[in-house]
Amino acid sequence: MFYIYCPYCQEHREEEEFHAAGQAHIARPADPDNCTDEEWGDYLYFRKNPRGLHHEMWVHAAGCRKFFNMTRDTQSYEIKEVYKMGEQPQIVSEQDSIARGTA
Amino acid sequence: MTQNNRLSSGGRIDRSQPLTFTFNGKQYQGFKGDTVASALLANGVDIVGRSFKYSRPRGVIAAGAEEPNAILQMGATEATQVPNVRATQQELFDGLVCQVTNGWPSAEFDVMGLVGKAGGSFMPPGFYYKTFMYPQSMWDTYEKCIRKAAGLGRSPRENDPDIYDHINQHVDVMIVGGGAAGLAAALSASRSGARVILADEQAELGGSLLHASESIDGRPASEWAAEVIAQLEACDNVQLLPRSTVNGYHDHNFLTIHQRCTDHLLDCAPIGQARQRMHRVRAKWVVLATGAHERPLVFANNDVPGCMLASAVTTYIKRYSVVPGERLVLMTTNDSAYQAAFDWAESGRFVVAIVDTRAHPGGDVIDEANRRGLKVIAGSAVIEVKGSKRVTGVSVSAINQLGDKALGPVKHLTCDTVASSGGWSPAVHLSCHTGSRPVWRDDVIGFVPGNSQQKQLTAGAINGTAALSTCLQEGFQAGREAAINAGFDTVPSISLPKVDERHIGAAMALFHIPHSKPTSRAPKQFVDFQTDVTAAGIEIATREGYESIEHVKRYTAMGFGTDQGKLGNINGMAIAAKSMNKTIPETGTTIFRPNYTPVTFGAVAGRHCGELFDPKRYSAMHSWHLKNGALFEDVGLWKRPWYFPQAGESMQESLNRECKAAREGVAILDASTLGKIDIQGKDAREFLGRIYTNAWAKLAIGKCRYGLMCGEDGMVFDDGVTACLADDHFVMTTTTGGAARVLEWLELYHQTEWPEMEVYFNTVTDQWSTMTISGPNSRKLLSELTGDIDLSRDAFKFMDWHEGTVAGVPARVFRISFTGELSFEVNVPANYGLYVWEKVFEHGAKYNLTPYGTETMHILRAEKGFIIAGQDTDGSVTPIDLGMDWCVSNQKPYSYIGKRGMNREDCLRKNRKQLVGLKTKRSDVVIPEGSQAVADPNEPVPMTMLGHITSSYYSACLGRSIAMGMIRDGFERMGQTVYYPQPDGSVIEAEICSPIFLDPKGERQNV
Amino acid sequence: MNKYSGFGLLKHGLSYHENWQRAWRNPKPKAKYDVVIVGGGGHGLATAYYLAKVHGVTNIAVVEKGYLGGGNTARNTTIVRSNYLWDESAHLYEHAMKLWEGLSQDLNYNVMFSQRGVLNLGHTLQDMRDIQRRVNANRLNGIDGEVLDTQQVQEIVPIMDCSANTRYPVLGASWQPRAGVARHDAVAWGYARAADALGVDLIQQCEVDDIITEDGAAVAVHTKQHGLIKADRIGCVVAGNSSVLAKMAGFSLPLESHPLQALVSEPIKPILDTVVMSNHVHGYVSQSDKGDLVIGAGIDGYNGYGQRGSYSTIEHTVQAIIELFPIFSRVRMNRQWGGIVDTCPDACPIISDTPVENLFFNCGWGTGGFKATPGSGHVFAATLAKGEAHELAKPFSMFRFNDGSLIDEHGAAGVAH
């Protein structure tokens, strides 16, 4: 069971106060109406789902109700960092750091 | 029977407190401080059960958590039955009732034992995979027989009278195990001021110190333990938890401790006390000092009662003052087991021989054995046990250096007890729970904890450490380090006490004792007693290609018992490895999972059972509903009035009456459960426009509007009315069940996509009581209750809202209608809800004001064709599919949520299912909800289904049944007939129509 | 392959079981196969078996990074049923059900398929509407099913608390008598043995670490232990790890891998004859032939490949079981464990071609994988043999997530597991 530091409350709290909210850093397309079905489907459904480092969103549902980001190892379950919405992770996997740049 | 095996003095039992207990219907005596197992052994009870597969008689083997055989049914009454109680861990109390779990007519004379004897050789591992297949139709019958043999104990048939607690704890240092290393760790950690919990599964802290032969600082080890425990007890920052098993070690240093509070006292906890408690512990650092389990050796007929672990013999003699036999043969691969023979001899009983598998054993213990005049047979092994219900003797043979061949000659020794020791397996279980793999060490001849990602240290025998002094040293060190790691900088170090201990000689890595016959032909050599897995069985498994250790385990069932293979797994792995000519590390180990030992379901559940399984939410008017005979419906966590039956009424009669009241007079609904979200900020209006499918730009202050909410996929997921309180202030209503989800949805989009928008959300569901007064007389009734709100048709228009007072209480009144009637929704602060509700009834009496519940609400809205999100929609329906194009704006500049989704190829295609009305051909027939439509009722199965009925009722006001449902291409099929085949074979015929059955022009509400 | 039978067992008993044949060989991989199946779980082994048996393709390898049947096949709660709502899923699972009935004889390996019936309980009026809808759809699709009221449920499971006093009283249930449980390990082993006998190479301890493509087509897998293994077609059946494999081939999938936990009690004497499932209180339970109560928990909400979930999920599950069966309160929980399920947004699987030619995926079964094993293998074998989707597999293309033609079993509630 995870022990999660909420970057807004600035406290460790039990996992039961939080919900996982899926992959982080997926921006809603700026102009949805000009997306193809394929692009829209990619945005809606297709996910990285990595084994290893994962940037994901959580919400402090039974706390401050804030969404925030977390970098977590999906294999060891170790939480590497949490950071606020709009911020970028400090810890990235090798492949990600190559692929990023624009994100 | 008297306690023949009880020594006249010694042990840690309290002879002043004799206890009476019942085993297999017979009364026995023991003492306070006994376990059930020690008391049974004291009384000379040999057979404590029959084995699972072969029904062989079995006796007590061990003295702790690793016991596989002494698994009993306990409980004096039906409600207090506990299956599978491990007799070696259950403390004796007066009046305890227990019995064996298998064996008919008794465990002594079990009929199935004959079957096991005769059929044993035809039941190799996995035999059921190879047979019972033909003919196919017989499987049910075969399985019934197989199933008869299932299980150990039995479940109670009555509800548990006990309660169970949970307690959440946060500690700096959590120490698991109260033996030498654990006590040392606790002592050094406690000196730092760190908050420490020390938990141990046994009744008494001290572990092996309680029966150790070593002395510490010149005194018996048990005295040192007592002193340390007293010191720890005096520390405010230390919590000592005996009878408390750390059963699971979870991620991020979360551990659960299963504490038995009253199991050692009574069958059932005294009233007001919890029987057991689960500590849910979050620890900064953990010290595992869980010790080690002795391994028995695997030899022919090693399961005959009288075969025991060497350490168990010592434990029973030293702690319980019980010698479980007269004549002992000890077989060992190592020094530690010699102590059992010394203890045996000291209690005045006869040691026949110590059979040491090592050709040249050379530790201090050999000298001591010689000094005591005990016969040591080196380079030999007990290759077979004689006897069936009790050991009568053993066959001893010389073995080769590798330990895989019996060299003979075979000698016979007469004895009634065989103790064996194959060395010690570190109790690595907890360290594996979060995924860490244990590592084999040849010098330990065992697996030790591997690298862990947890903040965890280990100390003592879990590391494979044998010497007591080293265990203490590791304990002191780990406790200190854990405290420092947890943030305590002043941790005084403790000087190591002086331990007087023997020099330990090298042990032999031997697991499986060779027989003069090959394993396949030798008498059964048991590896896992509880699941009846033998060495031959493991060899068959590998012979058949089940080579992965997981395959071996699963194919043979090794380790699947309630002891989870604590005794047998390492031996089994060694045998599997040997049979494949591999090493143990090459073969690998299976991973231990929680629980370390079984845990009562009730303790895991805690108080969250029955009434407290989930919270209940009530509106402020709930007590009134109860008083007035409401029946309730569960909606989310809410208890909502379903309908209000009057004496003698059927449900349909109630509904007819309630519906008619709303259409012809006046009726009232408690709508407090609808979700209410207060939305403020200068961008609130724009936000609504993005979240809802329809337009919000022009909604004036004082007006309300209905809105549909979709996901990004364009599918409807919630709906409700939102009112404009000010240009920057709105109140949104949601469905009862969807309130929390909608709030999170709003927050999600605000926080992640549009953080630049100035808008704030807060739930106000609990702040307001909401009553919907509906019907032609609603205006008249409400006007009696308010002086400051002009309710006239022109001053208070449909979809307006006004602020004022109702029954003298500040209120927001909305003229909205879910019934199609003239209708006012009165919102008052929840604390006044009941008061206002009662006032409304005071005035309503003369209008025959009628309360109605959710069912009537559903009928009234269905007459009007209004949807219920979640009933008429299911996550695959767009607003267009619902015929609600009017609620979808194409003018909004922002591509609101759902817009792109509902324009995907599949959402635009022809032939989608659409929501329509359905009128049955026979007006009195109500189509059951969930019925599936077909075009051709005579089509053979599988039939082509067109859609299902989502809502269906008898409408008293219309004098006929009405229904709504999805129909493929429904909008294009108005007037066509569809058929609803029923489970009873009948078919209901219905015509597709508009879902608006009543007042299509909306005139009734516009009065 | 020597046939297993009661007589054979006697014969072997008399020769001390010294002459049993291997259930499958332990071959070295060849350089090239017609089809390489990645993943030696139930679905992968079934795929290989039906490829060889039905389509005559025997030059096949199944490569498995661990041991056969060691993933979710070894970790599920063994429930088999076919009472799914939508036509597409119902037909697929019923196809599997028909293969289950007779599987032991087909494989000559007793998979102990036990049709003891499955109850899906309803606790709210909406639950009951959903149950009615699903059972009606099942019946018209030719799948057995009945809607039971509280009294009828109580008669089938006398030990369940069907009173009105519980937090969420049981209002009724759907009942599929042909549904039940099977011995999970035996399914993998039975398929493995039968596939091996038809010449399929089962290669254990062989981890794929790359999928090699040329001109947009897959041509080989690269393995840690045995290097390159070429193939005309590659089928990936690696529940839990599908996204990881897809990434090797350069695309992503609409999947998230979540921990799914289960637990068992200590073995107790038979007391529960049927499978009882409740979505509303979130728990399901059956009793194995060994006597364990086999209990399934809900999915943990986060992504996880650790084969373990959160303790709070276990707590909620146990609470649900005691809510339904208060008499189990004093029974004890023996063991818990977890698997990795890859879940699709619409709670339906993917059996599909991919953006990479000659590369096919069978994944996304979420919590529904075990029950589909024979059907999944059967249609995936056809898909691999012909290079295009089997009729029953067509609706399960991964491209449905782009055009929006999802098969939303979520919407059907009552059938999440």
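For the numbers below, each heavy atom of this structure counts, side chains included, while hydrogens, waters and symmetry mates do not. Residue numbering restarts at 1 for every chain, and letters A, B, ... go by the order of the sequence lines.
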By a 4.5 Å heavy-atom criterion (distance strictly below it), what part of Asp342(C) contacts chain A: side chain, backbone, both, or neither?
neither

Could you tell me which of Gly404(C), Ser257(C), Pro259(C) has the largest number of non-hydrogen atom pairs under 4.5 Å with chain A?
Ser257(C)

Tell me, side chain or backbone of Ser76(A) under 4.5 Å from chain C's heavy atoms, or both, or neither?
backbone

What class does the angle between the rings of Phe360(C) and Phe380(C) fall in, given that below 30° is parallel, 30 to 60° is tilted and above 60° is perpendicular?
perpendicular

Please classify the contact of His54(A) with chain C as side chain, backbone, both or neither, using a heavy-atom distance under 4.5 Å.
side chain

Any idea which of Ser252(C), Ser242(C), Gly240(C), Ala246(C) has the most non-hydrogen atom pairs under 4.5 angstrom with chain A?
Ser252(C)

Please determine, among Trp58(A), Phe18(A), Tyr45(A), the option with the most heavy-atom pairs under 4.5 Å with chain C.
Tyr45(A)

Side chain of Glu64(C), backbone of Gln204(C): donor and acceptor closer than 3.5 Å?
no

Test of ring centre spacing under 6.0 Å for His25(A) and Tyr83(A):
yes

Would you compute the distance between atom CG of Asp210(C) and atom OG1 of Thr213(C) and round it to the nearest 0.5 angstrom?
8.0 Å

Do Lys66(A)'s NZ or CZ and the ring of Tyr8(A) fall within the cation-pi criteria of under 6.0 Å and 45°?
yes

Interface residue of largest heavy-atom contact number with chain A, from Gln307(C), Arg308(C), Arg400(C), under 4.5 Å
Arg308(C)

Glu323(C) side chain vs Arg167(C) backbone, donor-acceptor pair below 3.5 Å:
yes

Under a 4.5 Å heavy-atom cut-off, does chain C meet the side chain of Asp73(A), its backbone, both or neither?
neither

Portion of Gln75(A) that has a non-hydrogen atom of chain C nearer than 4.5 angstrom:
both

Between Glu16(A) and chain C, which part of the residue has a heavy atom less than 4.5 Å away: side chain, backbone, both or neither?
side chain

For each of Gly309(C), Ser243(C), Gly301(C), tally heavy-atom pairs with chain A at distances under 4.5 Å, and name the one with the top tally.
Ser243(C)

Below 4.5 Å from any heavy atom of chain A, which atoms of Leu406(C) appear? Answer side chain, backbone, both or neither.
side chain

For the aromatic rings, using the six-membered ring if either is Trp, is the centroid distance between Tyr302(C) and Tyr77(A) under 6.0 Å?
yes

Does the plane of the ring in His12(A) sit parallel, tilted or perpendicular to the ring in Tyr5(A)? Use 30° and 60° as the thresholds.
perpendicular

Counting distance only, does the side-chain N/O of Arg65(A) pair as donor-acceptor with the main-chain N or O of Ala61(A) below 3.5 Å?
no

Heavy-atom contact with chain A under 4.5 Å, split by part of Leu255(C)
both

